[in-house]
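The structure appears right after this line, and notes come after that.
Hydrogens, waters and symmetry mates play no part in the numbers below; they use all other heavy atoms, side chains included. Numbered from 1 within each chain, the chains take letters A, B, ... in sequence-line order.
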Protein chains: 2
Amino acid sequence: MASLTEENYLKLIYHLSGPGYEEVSTNALAEQTQTKAASVTDMLRKLAEKNLIHYKKYQGVRLTEEGQQEALKVIRRHRLWEVFMVEKLGFRWDEVHPIAEELEHIASEELINRLDAFLDFPESDPHGDPIPTASGRMPSAEYEKLAEVPVQQEVIMMGVSEHTAPFLQFLSKSGLIPGSLVQVLEVNEFDRSMTIQINEAHPSFVSYEVARNILVQTKV
Amino acid sequence: MASLTEENYLKLIYHLSGPGYEEVSTNALAEQTQTKAASVTDMLRKLAEKNLIHYKKYQGVRLTEEGQQEALKVIRRHRLWEVFMVEKLGFRWDEVHPIAEELEHIASEELINRLDAFLDFPESDPHGDPIPTASGRMPSAEYEKLAEVPVQQEVIMMGVSEHTAPFLQFLSKSGLIPGSLVQVLEVNEFDRSMTIQINEAHPSFVSYEVARNILVQTKV
DNA sequence: ATAAAAATTTAGGGCACCCTAAAAAAATGT
DNA sequence: ACATTTTTTTAGGGTGCCCTAAATTTTTAT
Ligand SMILES: [Mn+2]
Ligand SMILES: [Mn+2]
Ligand SMILES: [Mn+2]
Ligand SMILES: [Mn+2]
């Protein structure tokens, strides 16, 4: 049984290790947990003791298979609760993350599997992030960044890679939400900003900073 | 901000002090929290420090107005989540209490008020217990015990005063669930057991032990 | 009224998780 | 290669919540 704090560490290690499952550094964890490196070292010793991570001093850390399964459970719960809050309770997508940070630690498998069914087995959360399956597999969502879409190409917005409330609110205001049809009209070579058309509406302008955090899929 | 443990103490003091808001003893709290009296004393000092309880050494404890409001918030959350699990997720009434014990500590007011609306502002939980309002008032549900209903009288089952899973399962199996129409056919003077008729079905037998934990309302 | 029993508090300490300061190891620059 | 900087660990300690044992107060019994 992982404690709430341990679950947060496992989830964080999962996210920081990225698609290549690279080692995560003590300092990176300290920064994200809002604690100090010394505290992280304490926790890493404990997680290693429980066989949830591979840990050699000074060498960074990776999840064990067991640790990864725990992390995926937490992420599954987090994302399902986000879907619930947006789809059933009418929250906006920029409001749900902090509450899901708490709900994700309610461990009942029965609860989460019934919630999954109640929500009709969603494949992704309100931000386009894939929802791990009950059997512990993370569906691979291979999207590309809007910033890399060539001129003229039409794409569907699928999600975001930046989840802060201000960014999400900005996108909503621009009409850039998952499912939107987006066509790249023009790319400014100098600062990589774009002029795009969203759902056939008036052209809009997006900076590179914004475009690289928007995930899209080429239209079928 | 009350911690999870503090919230559990406040809720417990509320429940143990009963309708008359009587003083609750250290030992009664130790028994229910599955801790020792010394630990309870520690916590009582802290709750008194925070003005959540009235506490004089050796004299037992009562909630302050502030403490009662906190307790009612926890109870409101607990009962709304129980309604959600039964009404929306298809749980049975004997399964939801332990999960609600965890969910009740998710503090977001926005979440709980939206959940309340989503559930259509239920007045009682699956066990017939009234749900405190968002403004912090506990609706008074004045039911009587089935054990005290006179022979021939028809009543509606409204809830239970004993919440253990085995008892609830037993009631379900007997068809004794909230909303059932119950008529007392016969009372055994000696052991106060009853023969009753549920929803016009075959007569059933209930012991005093069962009958005194079933809450009913005289039929209108 | 007083002795015995019961309830409660105090004293002292453990574990989880966090901290600062100092020590040690690894990475970096010349 | 070696001095400097950066990263990480170790040492020592704090708070929240729990414990056992001992002291104190209240209740009960005679
Ligand atoms: Mn989130
Ligand atoms: Mn979390
Ligand atoms: Mn309950
Ligand atoms: Mn609780």
Counterpart residues, salt bridge (Lys or Arg N to Asp or Glu O under 4.0 Å), relative to [X] (two or more places apart):
X        : value
A/Arg192 : none
B/Glu209 : B/Arg212
B/Glu110 : B/Arg114

Using atom [atom1] of [X] as one end and atom [atom2] of [N] as the other, report the distance to the nearest whole Å.
X       : N      : atom1 : atom2 : result
A/Glu49 : C/dA16 : CD    : P     : 11 Å
A/Glu31 : C/dC18 : CD    : P     : 16 Å
A/Leu29 : D/dT7  : CG    : C1'   : 13 Å
B/Met43 : D/dC19 : CE    : C1'   : 14 Å
B/Glu6  : D/dT15 : CD    : C1'   : 13 Å

Set of side-chain contact (heavy atoms from CB on, under 4.5 Å) partners for A/Gln68, sequence neighbours left out
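Partners of A/Gln68 under the side-chain contact (heavy atoms from CB on, under 4.5 Å) test: A/Tyr14, A/Tyr21, A/Leu63, A/Leu72.
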Return the nearest nucleotide to the side chain of B/Lys36; candidates are C/dC19, D/dT8, D/dT20.
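For B/Lys36, the side-chain atoms sit closest to D/dT20.
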Walk along nucleotides 9-14 of chain C from 5' to 3' and tag each nucleotide B, S or - by protein heavy-atom contact under 4.0 Å, base first, then sugar-phosphate.
BB----
Decide if atom CD of B/Gln153 counts as having more than 12 heavy atoms of other residues, nucleotides or ligands within a radius under 6.0 Å.
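Above 12, so yes.
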Sequence neighbours excluded, which residues qualify as side-chain hydrogen bond (donor to acceptor under 3.5 Å, both in side chains) partners of A/His78?
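By the side-chain hydrogen bond (donor to acceptor under 3.5 Å, both in side chains) rule, A/His78 matches A/Glu82, A/His97, A/Glu104.
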Taking only the side-chain nitrogens and oxygens of B/Asn27, find out if one of them lies under 4.0 Å from OP1 or OP2 of C/dA6.
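No, no such contact exists.
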